[in-house]
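We use all heavy atoms of the structure for the numbers below, so side chains are in, but hydrogens, waters and symmetry mates are not. Numbers restart at 1 for each chain; the letters A, B, ... are given by sequence-line order, proteins then strands.
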Amino acid sequence: MLRLFNSLTRKKEVFAPLKPPDVGFYACGPTVYGYIHIGNLRTFIFEDLLRRYLKYKGFKVTQVMNITDIDDKTIRRSNEEGIPLSEFTARYEKAFFEDIKAMNIEPAEHYPRATEHIDEMVSLVKQLIDGGYAYEQDGSFYFDVAKFKPYGALSGIEPGSTKTRSRIDQDEYEKQDVRDFALWKAKRENEPFWETEIGPGRPGWHIECSAMSMSYLGETFDLHTGGVDNMFPHHENELAQSQAATGKPLARFWLHSEYLLLDKSKMAKSMGNIYTLRDILALGYKARQLRYLLLSSHYRKQLSFSLDLLEQAGASLCRIDDFVRNLRSAGTFDADSPELAEATEKCRSRFEEAMDDDLNISKALGVLFTFIRTVNERLQESGISGGDRANIEALLTKLDGIIGVLELGQEDEMPAEVRELIDKRQEARESKNWKLADEIRDQLKEHGIVVEDTKDGVRIKRL
RNA sequence: GGCGGCAUAGCCAAGUGGCUAAGGCAGAGGACUGCAAAUCCUCGAUCCCGGGUUCGAAUCCCGGUGCCGCCUCCA
């Protein structure tokens, strides 16, 4: 039974979807005004893990991730570059899809763009106006926070306790209460706008998520996720305006992933302490190495990023890779081992047990590594039967459906040149010409090929 | 100022009342190997500090200390 930590109740709760086996899942997506950084990726990886695990558990997931292609930042940046907003955002949207693909993040079912759902937003604003939750000021519309009693329930921010802050509206919009937020911003100079029933203008930040989530998933859906920094004000406002409009809960479970820290503070574009995936790749690291790192720590714990950690992640991953290679290259026999069958089943059940506990991935990976050691012992002592091996490979395939980080596919054909070198080295070894054999081994290494001699023959490893 | 989180071996990290405190990385020694790699074996922490509760606490309570965050755009 899967239990998830619900930010709404601040407790782990048994997850059961509204209409099993369907799960409606809304994940806050990127604002496409620059390359995403690895802190953003941490959240997307968390959502990917959640999505994959839900599928593993037999749920049918419909995931929606918005693309914010209109907001203050996208408008400002595109103006600075002097190109149309759509051209500007298309560039970073494309980069976003490239990045998540490189990270082996499963695509969501829908990636709605804000600019393509203006109608839905306008009708939501109208609903709020009709319900008395919104007021107009100089052509803009604001949500009247005082009218929505449960406000603050998600983030735990008490309206009265907030620091006295001179929140003089930097955008020069007039609000009645500092806590009120814009639903619809009136048309302004040098900004894109839409002619609508509520006048010319553009959407506020929060309204897009309410409009799009509800139009794709219904007024109440199962899961809403994002980084903790979105809890307030974004999710709080989203929840307020949605529930005020429909009178129904928006999402049943709200999950938030913690920050990725760099140099002891959160990684954020506004602070400049960021690494993008492209930076990481340029340093010679692999995307799956980063995936493993971001994946392997619990999503609700802050993770302090460093290149050293990335190295460690790579080394851990290497152990798994070596295991897969060793398992596949081992000679086999017929007699199955009851102990191995039991260990395999135990690995599966304990891995699942750990994941059921709010995605306790660290524990789950611990289970996997313990299993790897057990099998390695076998491989070393007595070898393995074909049946056991197939059984273990099947488990690895199943688990990789969750973690998405193993390399279980067939390896590519080796270039003839490399093949020849390997054969030549074998000949040299047979005639005990160690010097030549070692030279060839060095040559192969330059081709990114590591050869290992085992009792079952030569084993090839690609770097 | 209000509110929240975290603190376990060199690094990462599980464990939230009771057998020898998971697992990974790094390191040391050994086995295996022509050498190497991989693999296996052996080696490391009494759990930030101080009180308290309890037969018994890393695990609960109180008080500190340190770090991060939210209250403003931000995954």
* Check: A/R459 main-chain N/O paired with A/E452 side-chain donor or acceptor under 3.5 Å ->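 Answer holds: no.
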
* **5′-ward residue of the pair A/H298/A/I372 relative to RNA chain B** => A/H298

Sugar-phosphate only, base, or nothing, as touched by [X] at under 4.0 Å among non-hydrogen atoms:
X: A/M267; result: base
X: A/V451; result: base
X: A/K301; result: sugar-phosphate
X: A/N376; result: sugar-phosphate
X: A/S265; result: sugar-phosphate
X: A/Q380; result: base
X: A/R300; result: nothing

Tell me which nucleotide, if any, is Watson-Crick or G-U wobble paired with [N] when both distances must be under 3.5 Å.
N: B/A22; result: none
N: B/G66; result: B/C6
N: B/U16; result: none
N: B/G1; result: B/C71
N: B/A28; result: B/U42
N: B/U33; result: none

* Asked: Is a salt bridge present between A/R202 and A/D71, judged by a nitrogen-to-oxygen distance below 4.0 Å?
  -> no

* **Basic-acidic side-chain contact under 4.0 Å: A/R328, A/E393** => yes

For a quick check, tell me whether the side chain of [X] and the base of [N] share a donor-acceptor pair closer than 3.5 Å.
X: A/Q312; N: B/C11; answer: yes
X: A/R441; N: B/C35; answer: yes
X: A/D229; N: B/G69; answer: no
X: A/S362; N: B/A14; answer: no
X: A/D453; N: B/C35; answer: yes

* Asked: Would you say A/W434 stacks on B/G34, if stacking means ring centres under 5.5 Å apart and planes within less than 30 degrees?
  ->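 Answer is yes, a stack.
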
* **Between B/U8 and B/C60 - P atom distance, rounded Å** =>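 After rounding to an integer number of Å, I get 15 Å for this pair.
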
* **Distance, C1' atom - from B/A31 to B/A37, rounded to whole angstrom** => 15 Å

* **Length of the line joining A/K73:NZ and B/C73:C1', which is rounded to integer Å** =>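 Going from A/K73 (NZ) to B/C73 (C1'), I get 5 Å.
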
Side chain of [X]: nearest nucleotide among [options]?
X: A/K363; options: B/C70, B/G15, B/C68; answer: B/G15
X: A/A315; options: B/G15, B/G34, B/C25; answer: B/C25
X: A/E452; options: B/A37, B/C40, B/A26; answer: B/A37

* Among A/R51, A/E47, A/E109, whose side-chain hydrogen bond (donor to acceptor under 3.5 Å, both in side chains) with A/Q63 holds? ->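 Single pass found, and it is A/R51.
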
